[in-house]
There are 2 protein chains.
Amino acid sequence: MSINRRLAATTARLLPGQKQSGGSGRVLEAALKLFAERGYAATSVRDVAAAAGVKPATIYAHYPSKEHILAELCRVGHEEQYRSVRTAVLASGGAPRDQIVAYVRAHVGFHTTYPMLAVVSNSELHVLGDELGAATFVLRRQSEELMQDIVKRGIDGGAFQVADPWLAVAAIGGMGLRVAYWFSPAYKLSAKQVADGYAEFALRLLAAGSDGKAGKGGSR
Amino acid sequence: MSINRRLAATTARLLPGQKQSGGSGRVLEAALKLFAERGYAATSVRDVAAAAGVKPATIYAHYPSKEHILAELCRVGHEEQYRSVRTAVLASGGAPRDQIVAYVRAHVGFHTTYPMLAVVSNSELHVLGDELGAATFVLRRQSEELMQDIVKRGIDGGAFQVADPWLAVAAIGGMGLRVAYWFSPAYKLSAKQVADGYAEFALRLLAAGSDGKAGKGGSR
DNA sequence: ACTTGCCTAACTAACGTTCGTTCGGTTAGC
DNA sequence: GCTAACCGAACGAACGTTAGTTAGGCAAGT
């Protein structure tokens with residue numbers, strides 16, 4: 001195996017509901033694995049077909065084009081990600097601190113549970129044209145706005161101290177994104193431990209320490 | 001323009017020293033822009049040639065293969081990244097807090113100054129085989145170890161409180177990586193402001209707040 | 001009971017295009 | 001007249017996709 005793999009995970013995991021028995025499910029799962037490992041552009045329709053145990057032409061009985069397969073994967077991935085964080089936040093109390101913890105735990109949990117879906121959804125999304133990507137873009141924006149609203153409420157209520165809410169959201173979101181690339185079940189920490197650790201990181205990042213330094217950023 | 005771009009930057013910037021006058025420099029710069037925007041696999045040699053104002057065959061007068069162009073970009077990118085953080089850390093004082101601030105400022109600075117180089121170096125590196133990628137992998141590991149050593153020293157000296165140094169390094173590194181994708185000179189915050197903000201985030205992340213909660217992570 | 005017709009899902013074969021790359025020749029400056 | 005840079009043309013392979021075909025299951029008509 002090459003020193004450098006795109007992600008540590010080795011088994012493609014689709015959402016339970018998506019594991020439809022038929023050929024369409026097997027194609028989707030094969031595409032997920034290959035797109036995650038090699039990238040969309042570096043994967044041929046013939047590769048996907050071979051991995052799904054099917055001939056290339058059969059792919060087109062299930063999806064109108066290669067790009068539609070990617071669009072479906074991106075949509076499913078972002079849908080689950082948004083559903084997951086939204087549910088977690090709603091189930092937590094009303095306090096911004098609790099909500100951020102819930103959000104980050106769910107966010108990281110998604111990236112450890114479905115690393116391939118996360119990698120494809122995030123690093124191949126740019127391939128999709130405006131039309132095929134539209135559904136995914138909406139979900140992406142909703143997820144971001146959800147965290148942003150929590151952070152803003154926390155600032156207004158005095159629980160958080162950050163100069164620029166957007167920058168904090170970018171930082172917290174960015175660190176969570178990368179988890180999908182290195183996490184594997186063989187890692188020394190469990191998925192729960194990583195999620196809890198990152199939730200604590202997010203809390204610390206948002207709330208100034210005892211020295212009260214508030215991270216205003218430098219001058220231009 | 002499509003809603004979804006892979007990165008916000010629009011002008012390819014190679015290191016000053018790399019802007020060698022000749023055709024080889026123009027090819028490298030054209031490849032950098034296209035690889036960053038569309039990805040390595042989605043960019044053809046003909047695309048690079050056209051962007052460099054040259055015919056496809058001429059590419060092979062400068063580089064033995066398409067993959068060698070990518071290898072050169074990855075090497076240059078990681079070299080500058082490592083050089084940058086290393087210089088900054090050495091110029092800072094001996095205190096882990098100062099060193100982390102210097103590291104993160106330089107790290108983020110690299111991602112705002114050379115966003116295309118950062119994007120290509122980090123998200124196309126997996127394409128390179130063991131041989132062509134070897135030089136880059138070494139630099140990557142050195143950068144990570146540098147931050148890791150600072151964090152460990154900070155923990156030993158009592159300046160930082162984190163349960164798992166590696167996890168903190170992954171989190172700080174991950175949030176910095178993403179900057180290259182969204183930053184542009186048109187952003188409301190300057191590069192310096194973003195770098196300072198992230199440095200403050202890193203400090204907060206590493207040092208527990210006044211409540212003393214230490215972020216040990218959950219149990220398995 | 002048995003043919004007929006249709007549907008689904010898979011197949012074989014091939015379309016035209018584009019890919020990375022090579023080779024032999026042509027130009028331009030010293 | 002030499003060297004370095006560049007180009008036109010082409011190679012075989014692989015690309016996404018399409019057309020037409022085959023096999024099996026199942027319900028309706030006789």
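Listed pair B:H62 / D:dA4 fails the phosphate criterion, with no side-chain N or O lying under 4.0 Å from OP1 or OP2. Side-chain N/O atoms of A:T58 include none lying less than 4.0 angstrom from OP1 or OP2 on C:dA9. In this model, the phosphate group of D:dC15 is approached by a side-chain N or O of A:S44 to a distance below 4.0 Å at OP1 or OP2.
In this structure, B:R38 places its CZ atom 14 Å from P of C:dT18, rounding to the nearest Å. Rounded to an integer number of Å, the gap from A:D47 CG to D:dA13 C1' is 14 Å. Following rounding to the nearest Å, B:R26 (CZ) and D:dC6 (C1') show an atom-to-atom distance of 11 Å. Rounded to an integer number of Å, the gap from B:Y63 OH to D:dA5 P is 12 Å. For A:I59 and C:dA9, the CD1 to C1' distance is 13 Å, given to the nearest whole Å.
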Side chains of residues 143-151 of chain B: which donor-acceptor pairs under 3.5 Å do they make with residues two or more places apart or in other chains?
| unit_1 | atom_1 | unit_2 | atom_2 | d |
| --- | --- | --- | --- | --- |
| B:S143 | OG | B:Q81 | OE1 | 2.9 |
| B:S143 | OG | B:L139 | O | 3.4 |
| B:E144 | OE2 | B:W166 | NE1 | 3.4 |
| B:E145 | OE2 | B:R141 | NH1 | 3.2 |

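Scored by the ring-ring contact (aromatic ring centres under 6.0 Å, His included) test, B:F110 finds B:Y114 as partners (sequence neighbours excluded). Residues satisfying the ring-ring contact (aromatic ring centres under 6.0 Å, His included) criterion with A:H111, sequence neighbours excluded, are A:H107. Partners of B:Y103 according to the side-chain hydrogen bond (donor to acceptor under 3.5 Å, both in side chains) rule, which considers only residues two or more places apart in sequence or in another chain, do not exist here. Under the rule for a side-chain contact (heavy atoms from CB on, under 4.5 Å), the partners of A:S44 that lie at least two apart in sequence or sit in another chain are A:R46, A:D47.
Note that the CG atom of B:L70 and the OH atom of B:Y63 stand 11.5 Å from one another [nearest 0.5 Å].
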Under 3.5 Å, which N/O atoms of the protein pair with N/O atoms of nucleotides 17-21 of chain D?
| unit_1 | atom_1 | unit_2 | atom_2 | d |
| --- | --- | --- | --- | --- |
| D:dT17 | OP2 | A:Y60 | OH | 2.6 |
| D:dT17 | OP2 | A:K66 | N | 3.0 |
| D:dT17 | O5' | A:Y60 | OH | 3.3 |

